[in-house]
K.L.:
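Quick one: this structure, given as structure tokens, is what I'll be asking you about.
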There are 2 protein chains.
Amino acid sequence: MSQRRSETTPTRRRGAALENAIIDAAWEVLIEQGYNGLTFEAVAARAGTSKPVLYRRWPRREDLLLATIARHWRPLDIPDTGSLRQDALTFLRAVNAERARTLILLRIQLADYFRETGTTFSDLRRRLRSADQTPPLATLVARAIERGELADVPRSERVVNLPFDLVRHDMLMSMEAVPDETIVEIVDTVWLPLLGLSPHGAQAGH
Amino acid sequence: MSQRRSETTPTRRRGAALENAIIDAAWEVLIEQGYNGLTFEAVAARAGTSKPVLYRRWPRREDLLLATIARHWRPLDIPDTGSLRQDALTFLRAVNAERARTLILLRIQLADYFRETGTTFSDLRRRLRSADQTPPLATLVARAIERGELADVPRSERVVNLPFDLVRHDMLMSMEAVPDETIVEIVDTVWLPLLGLSPHGAQAGH
DNA sequence: ATCATAAGATACGCACGAGTATCTTATGAC
DNA sequence: GTCATAAGATACTCGTGCGTATCTTATGAT
């Protein structure tokens, strides 16, 4: 339902309150209608304001789009549970949670934007990150090596990042959350064996 | 350049010649402009014809879209080189070749269509396939077991289909062909070890 | 030669959204 | 209380495409 002011309280929003309402509206429209549905008209209506208000702040659609995404882009915490398996499961479940999943699915939601601008999802990620970051799974593996849980041998990035790539693959194919059993299977029957670990001591994944 | 007839040869196309020209034009527009760019106006212009000609054959945009995809949907041959590794490399390289890759990337090109219709890429695949098919990698693994190259033990679908999922993941992320070294790495450092094989006897991948 | 069919061209009314102009008036600084 | 600023509303021109109506005429069957 529109946040348009009711007639009995003709209060005009200003500053951060107004801009937050617009950015929130833009995010909702983007997620529900995709990039092509993200129009000034639709966002203004959803935010209960009017087009000149948006044009004054974001003269181009790309400006509005990037401001919207930047507001919702937050890196995930990297877990430290004491066990590589538990670290990986915790992290992948966080990736699969609604907020993080939605950001991954931007790869698809913004396909027309990438084509139109000749940019890529990686370009967008680089633009939004303050600095280069170690991939989270590389950090988890490094900690496991420190704990003596894993042998300190060279491993390809492909193998280290494997569970994240597989979870992301399933998300991109289904556009939905990945079942928890799938996350457990990926870690237990694919990743840990490849790393030279067995899930022998694994407890129930819940 | 449009296939519109030159004035010196005012020949009107009919039947298959006309329909093939339209479907070819539709495919080009779809691949270049995405689903939203696939308009009757754009396709008619590209095909060198006019909108009534399209509307007479395909009254709805979805009709035109599905006819276009059906014309280009062809299953890949499953290789039989005598070696699981070589079978997998050959198959994945075919997947990575332009025609097959383009069909995989429809997952992204048609994102707005799927959202609008509440359907999925899997629905589309089911609709286009004459019958349920064994996933190609399952066939390759079955043949390796028959040759005695692999132990005959139960294996999860996840593990069997892994290299295809990883190649597809990289394609969806980059919207481009996957480097050949990546395909070799996926087979040699991820898949074969998981299956209990070593690429020891592996020759150069070319 | 005749003729039914349909290709191709063009125009039309309509819907939708971009982007801007214009207006009223709420609002917060002073 | 005054006043500059901008929120919100509304209207406008323009561009684009939908889907259909109308027309001319090429074409292949007869």
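Below, each value reflects all heavy atoms present in this structure, side chains not excepted, and no hydrogens, waters or symmetry copies.
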K.L.:
Calculate the interatomic distance between B:W58 atom CH2 and D:dC18 atom C1'; express it in whole Å.
P.N.:
17 Å
K.L.:
Between the protein and nucleotides 14-18 of chain C, list every N/O to N/O distance that falls short of 3.5 Å.
P.N.:
unit_1: C:dA18; atom_1: OP1; unit_2: A:F40; atom_2: N; d: 3.1
unit_1: C:dA18; atom_1: OP2; unit_2: A:E41; atom_2: N; d: 3.2

K.L.:
D:dT16 P sits how many Å from A:N36 CG, rounded?
P.N.:
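Rounded to whole Å, this separation is 16 Å.
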K.L.:
Which is true for A:R57 with a 4.0 Å heavy-atom rule: it touches a base, it touches only sugar-phosphate, or it touches nothing?
P.N.:
sugar-phosphate
K.L.:
Rounded to whole angstroms, how far apart are CG on A:L18 and P on C:dA26?
P.N.:
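My rounded result for the distance is 17 Å.
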K.L.:
Taking the side chain as C-beta and beyond, is there a heavy-atom pair between B:R115 and A:Q109 under 4.5 Å?
P.N.:
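Counting from C-beta outward, B:R115 and A:Q109 do come under 4.5 Å.
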K.L.:
Of all the heavy-atom pairs spanning A:H169 and B:D165, show the shortest one and how long it is.
P.N.:
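For A:H169 versus B:D165, the nearest heavy atoms are CD2-O, 3.2 Å.
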K.L.:
Taking side-chain contact (heavy atoms from CB on, under 4.5 Å) as the criterion, tell me which of A:L92, A:L166, A:D188, A:D170 meets it with A:I183.
P.N.:
A:L92
K.L.:
Any chance the side chains of B:D123 and B:T120 put a donor and an acceptor closer than 3.5 Å?
P.N.:
yes
K.L.:
With sequence neighbours excluded, tell me which residues meet side chain to side chain contact (heavy atoms under 4.5 Å, CB included) with A:T102.
P.N.:
A:W27, A:I31, A:E98
K.L.:
B:E116 CD to D:dC18 C1': how many Å, rounded?
P.N.:
14 Å
K.L.:
Can you name the atoms? Protein N/O to nucleotides 22-25 of chain C N/O, anything below 3.5 Å, with the distance.
P.N.:
unit_1: C:dT25; atom_1: O2; unit_2: A:R12; atom_2: NH1; d: 3.0
unit_1: C:dT25; atom_1: O2; unit_2: A:R12; atom_2: NH2; d: 3.2

K.L.:
Do A:R61 and A:Y113 meet the cation-pi criteria used here (NZ or CZ under 6.0 Å from the six-membered ring centre, within 45° of the axis)?
P.N.:
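Judged by the rule (NZ or CZ under 6.0 Å from the ring centre, within 45° of its axis), A:R61 is not positioned above A:Y113.
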K.L.:
Rounding to a whole Å, what distance do you find between B:D63:CG and D:dC18:C1'?
P.N.:
15 Å
K.L.:
Could you check whether the rings of B:Y55 and B:F40 sit parallel, tilted or perpendicular, using 30° and 60° as the cut-offs?
P.N.:
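Judged by the thresholds at 30° and 60°, the geometry between B:Y55 and B:F40 is parallel.
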K.L.:
Would A:R71 and A:N20 count as having a side-chain donor-acceptor pair, cut-off 3.5 Å?
P.N.:
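The answer is yes; a qualifying pair exists.
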K.L.:
Could you check how far CG of B:L54 sits from C1' of C:dA9, rounded to whole Å?
P.N.:
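These atoms are roughly 14 Å apart.
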